[in-house]
Amino acid sequence: MVNEYEIKKEMCEIGKRVYNRGMVAANDGNFSVKLNDNEFLCTPTGVSKGFMTPEYICKVDANGNVIQANKGFKPSSEIKMHMRVYKERPDVNSVVHAHPLYATTFAIAGIPLTAPIMPEAVISLGCVPIAKYGTPSTEEIPDAVEEHLPYFDAVLLENHGALTFSVSLLDAYHKMESVEFYARLLWQTMQIGGPQELSEEQVQRLYEIRRQFGMPGKHPANVCPNAQAGKPSCHSCGNGCGSSSSNIVTGADADLVASITKKVMEQLGK
């Protein structure tokens with residue numbers, strides 16, 4: 001039997017972590033936990049995630065309709081995005097949405113996180129594509145995110161933020177931390193000449209380690225269209241995984257690094 005009160009307490013603790021790490025401002029962000037196929041706990045709209053207590057947490061059904069909510073609290077309009085993830089990914093038990101500074105910078109610049117620059121990111125995330133822009137509280141964002149759900153456990157939301165999902169709330173939150181750390185490292189290396197990327201052979205060895213670990217979730221090591229076709233998995237997919245019409249980028253050379261740096265600087269008005 002699921003102890004809902006303990007889950008609500010954990011959600012409040014994660015809220016504090018997200019807020020204290022500067023991954024959200026004011027009342028931004030939202031996350032949810034799956035109890036069963038038709039019951040989900042979610043954070044409320046209009047409150048700071050860093051100051052929640054268990055009575056703030058709402059319960060909704062698979063369509064996002066309120067099952068239970070205390071007076072003065074209601075689910076975020078972005079619950080539609082969460083419900084789409086649960087619908088398309090039965091293996092997912094929790095979804096976290098936040099606006100981490102560096103990851104959101106890349107999302108605003110329109111640059112996916114695809115460069116293989118550190119083993120941990122390659123193993124845990126593979127790639128972090130960008131879901132095209134959608135108007136908040138509409139079906140546009142869920143529709144944009146859905147394209148990437150069969151292939152990844154983390155997605156940047158164009159001009160918006162980041163979304164991570166996993167088998168537990170803590171693991172989904174850790175993925176958000178990993179996305180932000182990856183983005184910050186990539187940004188900082190761009191300031192000193194560009195990252196030294198891992199070779200294709202090194203990436204493939206890391207993919208094999210992931211497969212040996214039997215790690216849950218979706219990842220280019222297992223579901224990349226290239227891998228399914230018996231070809232080498234792509235890491236620097238440039239948003240290509242999950243879209244047959246996209247060109248797959250197999251690596252970034254000095255010219256690409258320079259162009260990415262220029263684009264980021266232009267977006268930031270530097």
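The residues of the chain are indexed from 1 along the displayed sequence.
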Student: When the aromatic ring centroids of His160 and His97 are compared, is their separation below 6.0 Å?
Tutor: yes
Student: Can the ring centres of Phe31 and Tyr173 be said to be less than 6.0 Å apart?
Tutor: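 Phe31 vs Tyr173: aromatic centres not under 6.0 Å.
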Student: Can you sort out the partners of Phe40 under ring-ring contact (aromatic ring centres under 6.0 Å, His included), two or more places apart, ordered by chain and number?
Tutor: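 Here the qualifying residues are Tyr86.
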Student: Are Pro220 and Cys127 close enough that some pair of their side-chain heavy atoms sits under 4.5 Å apart?
Tutor: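 Result yes, sub-4.5 Å side-chain heavy-atom pair found.
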Student: Answer yes or no: is there a donor N or O on one side and an acceptor on the other, between the side chain of Ser199 and the main chain of Gln202, under 3.5 Å?
Tutor: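 Side chain of Ser199 to backbone of Gln202, a donor-acceptor pair under 3.5 Å: yes, one is there.
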Student: Can you name the residues that form a ring-ring contact (aromatic ring centres under 6.0 Å, His included) with Tyr133, not counting sequence neighbours?
Tutor: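 ring-ring contact (aromatic ring centres under 6.0 Å, His included) check on Tyr133 returns nothing, list empty.
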Student: Show the nearest heavy-atom pair for residues Ile130 and Ala107, with the distance to one decimal.
Tutor: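 Residues Ile130 and Ala107, closest heavy atoms: CD1-CA, 4.3 Å.
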Student: Salt-bridge test for Arg205 and Glu201: reply yes if a basic N is under 4.0 Å from a carboxylate O, no otherwise.
Tutor: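 Not counted as a salt bridge, because no side-chain N and carboxylate O are separated by less than 4.0 Å.
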Student: Any salt bridge linking Arg84 with Glu139? Criterion: basic side-chain nitrogen under 4.0 Å from a carboxylate oxygen.
Tutor: yes
Student: Hey, mind stepping through Glu4 and Lys59 against salt bridge (Lys or Arg N to Asp or Glu O under 4.0 Å) and telling me if it holds?
Tutor: CA-CA 10 Å; Glu4 291 186 21; Lys59 183 189 289 188; 3.0 Å; yes
Student: Look only at the side chain of Asn93 and the backbone of Lys34, and say whether a donor-acceptor pair between them is shorter than 3.5 Å.
Tutor: no
Student: Is Lys16 salt-bridged to Glu13, cutoff N-O under 4.0 Å?
Tutor: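 Between Glu13 and Lys16 there is no salt bridge, as every charged N stays at least 4.0 Å from the carboxylate O atoms.
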Student: Over 60° means perpendicular and under 30° means parallel, so classify the ring planes of Trp187 and Tyr102, tilted if in between.
Tutor: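 It falls in the tilted class, 30° to 60°.
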Student: Are the side chains of Thr43 and Met11 in contact, using a 4.5 Å heavy-atom criterion?
Tutor: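 A side-chain contact exists here, since the closest heavy-atom pair is under 4.5 Å.
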Student: For this output row, return yes or no: ring centroids of His219 and Tyr207 closer than 6.0 angstrom.
Tutor: yes
Student: Indicate yes or no: does Asp91 engage Lys218 in a salt bridge with an N to O separation below 4.0 Å.
Tutor: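 Not counted as a salt bridge, because no side-chain N and carboxylate O are separated by less than 4.0 Å.
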Student: Is there side-chain contact between Val128 and Phe152, with at least one heavy-atom pair below 4.5 Å?
Tutor: no
Student: Using side-chain heavy atoms (C-beta onward) and a distance below 4.5 Å, is Asn222 in contact with Arg210?
Tutor: yes
Student: Indicate whether the side chain of Glu180 and that of His99 have a donor and an acceptor atom separated by less than 3.5 Å.
Tutor: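 Side chains of Glu180 and His99: no pair found under 3.5 Å.
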Student: So, Glu208 versus Gln204: side-chain donor-acceptor pair below 3.5 Å or not?
Tutor: no
Student: For the residue pair Asn70 / Glu55, report whether a side-chain donor-acceptor contact shorter than 3.5 Å exists.
Tutor: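 No, because no side-chain N or O of Glu55 sits under 3.5 Å from a partner of the opposite role on Asn70.
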Student: Taking Ser76 for its side chain and Asn30 for its backbone only, find out whether a donor-acceptor pair lies under 3.5 Å.
Tutor: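 Flag not set: sc Ser76 to bb Asn30 has no pair under 3.5 Å.
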Student: Taking atom CG as the centre, does Asp37 end up with more than 12 heavy-atom neighbours from other residues, nucleotides or ligands that are less than 6.0 angstrom away?
Tutor: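 Not more than 12 within 6.0 Å, no.
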Student: Is the number of heavy atoms from other residues, nucleotides or ligands under 6.0 Å of Phe181 CZ greater than 12?
Tutor: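 Atom CZ in Phe181 is not crowded, with 12 or fewer foreign heavy atoms closer than 6.0 Å.
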